[in-house]
Amino acid sequence: MKHNPFVPREQRTAILTFDNGQRVRAEITLPGTDKPVWHADLERHIVRDFNKAQPRAVHKLVKVHLLRTQSSQPFILRNIQL
């Protein structure tokens, strides 16, 4: 997933599940991209990047679930002017 600096970053609420079973609600800032990305692929990338960034963490991140809200529509569709 390539980062495009001209597309604004998007912020979403997500449920993070750790290896000890604890779940945490968090606000995640997603990189702005001009290509469509599937939620499953994006969740996999977040888990991989989070665990890579925190190699000595006591509890590893196992799963991420991005909550789909009204504002989670693609950026292009939200800014259409009729």
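Owing to the predicted nature of the structure, the values given are computational and were not obtained by experimental measurement.
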Check: [Y] and [X] side chains under 4.5 Å, non-hydrogen atoms:
{"X": "Val62", "Y": "Val47", "answer": "no"}
{"X": "Arg25", "Y": "Thr13", "answer": "yes"}
{"X": "Arg12", "Y": "His39", "answer": "yes"}

How many angstroms lie between atom [atom1] of [X] and atom [atom2] of [Y], to the nearest 0.5 angstrom?
{"X": "Leu61", "Y": "Thr17", "atom1": "CG", "atom2": "OG1", "result": "7.5 Å"}
{"X": "Leu42", "Y": "Glu10", "atom1": "CG", "atom2": "CD", "result": "9.0 Å"}
{"X": "Asn51", "Y": "Ile46", "atom1": "CG", "atom2": "CD1", "result": "12.0 Å"}
{"X": "Arg44", "Y": "Asp49", "atom1": "CZ", "atom2": "CG", "result": "12.5 Å"}
{"X": "Leu16", "Y": "Gln22", "atom1": "CG", "atom2": "CD", "result": "10.0 Å"}

Single-linkage hydrophobic cluster, 4.5 Å side-chain cutoff, Val37 and Phe50 together | yes
Lys60 NZ: over 12 foreign heavy atoms closer than 6.0 Å = yes
Any sub-3.5 Å donor-acceptor pair from Glu27's side-chain atoms to Gln11's backbone N or O?
-> no
Sub-3.5 Å donor-acceptor pair from the side chain of Asp19 to the main-chain atoms of His59, do we have one?
-> no
Looking only at heavy atoms, what is the nearest atom pair of Phe18 and Val24, with distance?
-> CE1-CG2, 3.8 Å
